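Here's the structure we're looking at; comments come further down.
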2 protein chains.
Amino acid sequence: MLAAERRDHLLGLLARKGKIVAKEVAAELGISEDSVRRDLRDLAAEGLCQRVYGGALPVSPAVVDYEARQTVAPDGKRKVASAAVGLVRPGGALILDGGTTALAVARALPADLDCTVITHSPTIAAALLDHPQAELFLLGGRVFKHSAVTCGAAAVEAAQNISADLCLLGVTGVHPEAGLTTGDAEEAAMKRALSARAADTYILASSEKIGTASRFRVLPWKKVSGLITDADPQDTVVEQLKTLGVEVLVAS
Amino acid sequence: MLAAERRDHLLGLLARKGKIVAKEVAAELGISEDSVRRDLRDLAAEGLCQRVYGGALPVSPAVVDYEARQTVAPDGKRKVASAAVGLVRPGGALILDGGTTALAVARALPADLDCTVITHSPTIAAALLDHPQAELFLLGGRVFKHSAVTCGAAAVEAAQNISADLCLLGVTGVHPEAGLTTGDAEEAAMKRALSARAADTYILASSEKIGTASRFRVLPWKKVSGLITDADPQDTVVEQLKTLGVEVLVAS
DNA sequence: AAGATACATGCAGAACCGTGCAACAACAGG
DNA sequence: CCTGTTGTTGCACGGTTCTGCATGTATCTT
């Protein structure tokens, strides 16, 4: 393991778990505690972590570079994205919706992923250009600038010619009675068309969308295989969804 | 093994594995660590990887994005782009090819431009998202990662359903006898399909492309309306083109 | 207060690095 | 065909950086 790689690893741990115990990491990586301590000392000197007795903690969010916050997806979306990545099978075909949560999924996909990704979002397509093993298929059509995806008759028609194992769909509203909803009729139709072309459809929904509804219905619950969210599993709405027979994958 | 081949191999490793250990690669390829280190040093100088003790790591995605946004097009491409923008008529329809020169055109288009832009490049589409008045149409298909455009049967078919007043095409070779050429057969076919759907086709070619030829013919001279270049109008090749009846728009 | 744990520091060996140099191949020009 | 030039490659050298250990000190726990 490269020294610089190890530093990245430490920062990753810090972001994911919120703390680092020097002893544990040393054992895990098979290196001496001294090296871990030295790394932590260096990172602390650069303001990338806060050194504490026994390990290190993240620097307070306010201090973190503004740019870093911009580029990194909000915590909820990142959690949902990494849970969603677990559903993707190598060698399969994946339909990936547009939107910021789907973009987080695209970024979380392993760089050497060997599968076909079908999308109607130029942004997602651009984000996947550096995945050399992934076959990439873009559904054309009129571009809806608001959400940066193609919609309309041409896009729906293009979708009719593809099939996939899995469809990961973003929505703006997730409600027990209203079902899955979004704010634009064309977009709703497009999402429906995408979902219809996949064996399984999972919904990407960070916690703030749970229990809310938008103007246009995308799908009823019976048409989706499951929901991926970072909401509390004990949440009332989440419990309600479970009683409806919805498979809820909790991301953390 | 060729030096350039080796460089590609290194970049591939970086993408697939996320890191390079100089010692390992040297052993694997049967060359000295010095050569590997030299390559890594060069790649790092071009911003293609991050050199670290013991090997190299990928440049962080955030940095790439940032750099891509920051990098202004080379002077030649910028000149060509601004000359090309002069051909675009408000209210009309424009077919915009992929590639860096076309991207420069997209960026040079006025933000309040009121026209329809048709493209097969997700990158170009993404660049035009903030042009509120422009209608944007994306041609779908299999994405060719190398040049970040859609190609193949589906893309060509999608192109059959559109029409435009003007097509701005990038090529890699501009030669009096060989005509307009590019390095990939699929791309050449796609460019032909785009050109066929527009009343006028103009070629975007910064000066370094003048007088060169690539493997696959895109179009013969008689099919294009003109050439937009920043090359010297007195240049021998440019003079030759003029005698062939090619309209040459000199960008400056 | 005392033992346990974590820490900083210095040190030595190992790994890694850049540079200069010579050998070699590819190539253009005579 | 020869020759000078250019660019690449491997090797040798000296310097730098990393790493684990030993030591003495600081901090935590009980």
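Labels below follow one simple rule: chain letters A, B, ... track the order of the sequence lines, proteins then strands, and each chain is numbered from 1. These numbers were taken from a predicted model, which means no experiment stands behind them.
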Sugar-phosphate, base or nothing in reach of A:Val21, heavy atoms under 4.0 Å: nothing
Interatomic spacing from CG in A:Asp114 to CZ in A:Arg89 - rounded to 0.5 Å: 14.0 Å
A:Glu33/A:Lys23 salt bridge by N-O under 4.0 Å criterion: no
N/O contacts under 3.5 Å, protein versus nucleotides 25-30 of chain D?
from   : atom 1 : to      : atom 2 : distance (Å)
D:dT27 : O2     : A:Tyr53 : OH     : 3.4

Atom-pair distance (CE on A:Met1; P on D:dC18), nearest Å: 16 Å
Gap between atoms CD and C1', on B:Glu33 and C:dA14 respectively (whole Å): 13 Å
Sugar-phosphate only, base, or nothing, as touched by A:Val52 at under 4.0 Å among non-hydrogen atoms: sugar-phosphate
Pair B:Arg6 + B:Asp39, salt bridge at N-O below 4.0 Å: yes
Atom-pair distance (CG on B:Leu29; P on D:dT8), nearest Å: 17 Å
Nearest-Å distance for atom pair CD1/P, residues A:Ile31 and D:dC21: 12 Å
A:Ser35 side chain near D:dG20 phosphate (N/O to OP1/OP2, under 4.0 Å): yes
Exercise: do B:Thr182 and B:Lys191 side chains pair donor with acceptor under 3.5 Å: no
Atom-to-atom span, CZ of B:Arg51 to P of D:dT16 - whole angstrom: 17 Å
Side-chain heavy atoms of A:Ile95 within contact of A:Thr119, under 4.5 Å: no
B:Pro176 and B:Thr243, any side-chain heavy atoms less than 4.5 Å apart: no
Phosphate-side-chain proximity, B:Lys23 and C:dA15, N/O vs OP1/OP2 below 4.0 Å: no
Toward the 5' end of DNA chain D, by each residue's nearest nucleotide, B:Arg6 or A:Arg38: B:Arg6
Nucleotide D:dT9, atom C1' - distance to CG of B:Leu40 in whole Å: 16 Å
Rounded interatomic separation in angstrom, taking CZ from A:Arg37 and C1' from C:dA8: 9 Å
Atom pair CG/CG of A:Leu204 and A:Leu249 - distance to nearest 0.5 Å: 10.5 Å
For atom CG of B:Asp42 and atom C1' of C:dC17, their distance in whole Å: 15 Å
Proximal nucleotide (of C:dC17, D:dG20, C:dT9) relative to the A:Arg41 side chain: C:dT9
hbond_proxy B:Asp34 side chain to D:dC11 base (donor-acceptor, 3.5 Å cutoff): yes
